[in-house]
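Data block below; observations after.
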Amino acid sequence: MKALVTGGAGFLGSHLCEHLLDQGAEVICMDNFLTGGPRNVEHLIDRPAFRIIECDLTGFVHVPDRLDLVLHFASAASPADYLRYPIETLRVGSTGTLHALGLAREKGARFVLASTSEVYGDPLEHPQRESYWGNVNPVGPRSVYDEAKRFAESLTTAYRQSRGTDTGIVRIFNTYGPRMRPFDGRAIPTFIRQALLGEPITITGDGSQTRSICYVDDTVAGVLAMAGSDFAGPVNIGNPDELTMLELATLVKELTGSSSPIEFIERPPDDPMVRRPDTSLAAERLGWRAVVPAAEGLRRTIAWFVDELSHRHRLERL
Ligand code: NAD
């Protein structure tokens with residue numbers, strides 16, 4: 001099996017590359033290092049079945065190899081990143097997806113799009129089922145990401161229907177784990193970094209908004225189950241255990257043994273109030289469900305952050 005992972009040097013992409021290699025696949029990681037970097041895959045470089053191609057997916061894309069699978073994960077994903085790179089985010093969701101689909105079609109490969117729970121916007125239906133069409137502000141600050149993904153879903157569906165490409169769409173809910181960047185702006189890396197450095201843990205709003213957080217190994221298993229099926233989706237991949245942001249911050253504080261105070265700061269516009277996947281479709285069609293409890297996943301992530309922050313500290317002192 002030969003797989004191409006776009007965005008393979010990012011957080012999720014690097015875990016996908018690693019799991020695919022462990023399953024005996026040959027893996028090409030394609031990335032322009034906008035929000036990810038070679039460091040995320042440096043532990044894979046010596047594996048003969050692994051190759052990395054530095055390439056912007058919105059430009060000319062050529063892969064001479066045969067391919068059986070294209071996992072399209074290239075896109076800034078944290079709000080801080082896509083607000084810094086709004087046009088790049090729209091371009092990779094549109095032109096980048098077009099190029100990745102073209103490649104899958106040319107090679108006769110299965111294509112899986114990394115879509116997102118953000119297509120549901122600030123949802124009026126709770127929990128969110130795949131049949132819900134969402135509540136997205138098309139001109140709000142988050143729209144560069146949300147609408148890019150909605151367009152990417154539409155494009156993927158059109159390729160399946162009009163070109164016969166074997167496609168699948170996964171709607172991934174908040175995923176966390178090792179290799180998230182401590183300053184990427186997402187809640188979990190922010191809380192862990194602040195707790196470990198003894199800084200105030202900052203919650204946006206009053207902390208009553210909810211998220212359902214999924215450990216990266218669970219998400220990867222769900223994506224690979226989708227890759228191995230012929231299901232079109234869209235299918236939710238996430239952990240249905242729902243926490244308020246205040247509960248999440250308190251859990252991080254407990255698990256790190258931190259004495260950081262919890263502080264409340266301004267909530268960004270269009271921030272969803274609730275978020276919980278209905279994962280019955282994934283269970284029924286893929287035989288998949290998330291199994292790692294939040295406390296366990298957070299413990300593993302915190303252990304990685306302890307190493308990462310001390311590594312940075314050592315570098316700063318050089
Ligand atoms: P990430 O920022 O760590 O990884 C994205 C990768 O895509 C980076 O390595 C980046 O350099 C690369 N990239 C961006 N634009 C590119 C381009 N034009 N050409 C080539 N490479 C490009 O983000 P992540 O959290 O790993 O997310 C990966 C994918 O999963 C994204 O598509 C995201 O929308 C989706 N997703 C993630 C989550 C999550 O919780 N992490 C949730 C829902 C969906």
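Numbering of ligands and ligand atoms starts at 1, following listing order. All residue numbers refer to positions in the sequence shown, counting from 1.
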Original post:
Are Y215 and Y176 close enough, and set up right, to give a ring pair (Phe, Tyr, Trp, His ring centres under 6.0 Å), and what steps lead you there?
Top reply: CA-CA 5 Å; Y215 187 63; Y176 67 98; 5.6 Å; yes

Subject >> Pair I213-L243, side-chain contact (heavy atoms from CB on, under 4.5 Å): steps then yes or no >> reply: CA-CA 8 Å; I213 60 167; L243 293 169; 4.2 Å; yes

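For atom 5 (C) of ligand 1, the closest non-hydrogen atom on the protein side is S75 O, 3.2 Å. In terms of protein heavy-atom proximity, atom 41 (N) of ligand 1 is nearest to R186 NH1, 3.0 Å. Scanning the protein for heavy atoms near atom 17 (C) of ligand 1, the closest one is N32 ND2, 3.3 Å. At the shortest separation from atom 10 (C) of ligand 1 among protein heavy atoms lies T35 OG1, 3.2 Å. The protein heavy atom nearest to atom 33 (C) of ligand 1 is Y145 OH, 3.4 Å. Considering only non-hydrogen protein atoms, atom 28 (C) of ligand 1 sits nearest to F73 O, 3.4 Å. In terms of protein heavy-atom proximity, atom 26 (O) of ligand 1 is closest to L12 N, 2.7 Å. In this structure, the protein non-hydrogen atom closest to atom 19 (N) of ligand 1 is L57 N, 3.0 Å.
Looking at P272 and P123, their side chains come closer than 4.5 Å, going by heavy atoms from C-beta outward. The shortest side-chain heavy-atom distance between E130 and V235 falls under the 4.5 Å cut-off. Counting heavy atoms from C-beta outward, V92 and Y85 have side chains that stay 4.5 Å or more apart. When side chains are defined from C-beta on, I237 counts as touching T219, because their heavy atoms get closer than 4.5 Å. The shortest distance between side-chain heavy atoms of V216 and R179 does not fall below 4.5 Å. At a threshold of 4.5 Å between non-hydrogen side-chain atoms, the residues M180 and E308 do not count as touching. Residues L101 and L155 meet the side-chain proximity criterion, which asks for heavy atoms closer than 4.5 Å. Considering only heavy atoms from C-beta on, D218 stays 4.5 Å or farther from V220 through its side chain.
Which parts of ligand 1 touch D56 is read off a 4.0 Å heavy-atom cut-off, strictly below it: atoms 17 (C), 18 (N), 19 (N). Proximity to F33 (heavy-atom distance under 4.0 Å) selects the following atoms of ligand 1: 11 (O). Of all the atoms in ligand 1, the ones that sit under 4.0 Å from a non-hydrogen atom of L34 are 11 (O). With ligand atoms numbered from 1 in the order given, ligand 1 contributes 40 (O) to contacts under 4.0 Å with heavy atoms of N174. In summary, the atoms of ligand 1 found under 4.0 Å from a heavy atom of G7, numbered by their order in the structure, are 6 (C), 7 (O), 12 (C). Those atoms of ligand 1 that come under 4.0 Å of a heavy atom in G10, given as number and element, are 3 (O), 4 (O), 8 (C), 9 (O).
The closest heavy-atom contact to atom 32 (O) of ligand 1, among the options H72, R211, K149, comes from K149.
Heavy atoms of V92 found under 4.0 angstrom from ligand 1 belong exclusively to the side chain. Contact annotation: for C55 versus ligand 1, heavy atoms closer than 4.0 Å belong to the backbone alone. Neither the backbone nor the side chain of Y176 comes within contact range of ligand 1; no heavy atom lies under 4.0 Å.
Between F11 and ligand 1, a contact under 3.5 Å exists for at least one N or O pair. Geometrically, ligand 1 and G36 share a nitrogen or oxygen pair separated by less than 3.5 Å.
Contact between S115 and ligand 1 is present, with at least one heavy atom of the residue lying under 4.0 Å from the ligand. Distances from ligand 1 to the non-hydrogen atoms of D31 include at least one value under 4.0 Å. Under a 4.0 Å heavy-atom criterion, A9 is in contact with ligand 1. Judged by the shortest distance from any of its heavy atoms, E88 lies outside the 4.0 Å radius around the atoms of ligand 1.
The side-chain tip of R285 points at the ring of F231 from less than 6.0 angstrom away and within 45° of straight on. For the pair R193 and F183, the cation-pi test (distance below 6.0 Å, angle within 45°) is passed.
A salt bridge does not link K149 to E118: none of the charged nitrogens lies less than 4.0 Å from a carboxylate oxygen.
Each of D146, N236, N135 was checked for a side-chain hydrogen bond (donor to acceptor under 3.5 Å, both in side chains) with Y120, and the lone residue meeting it is N236.
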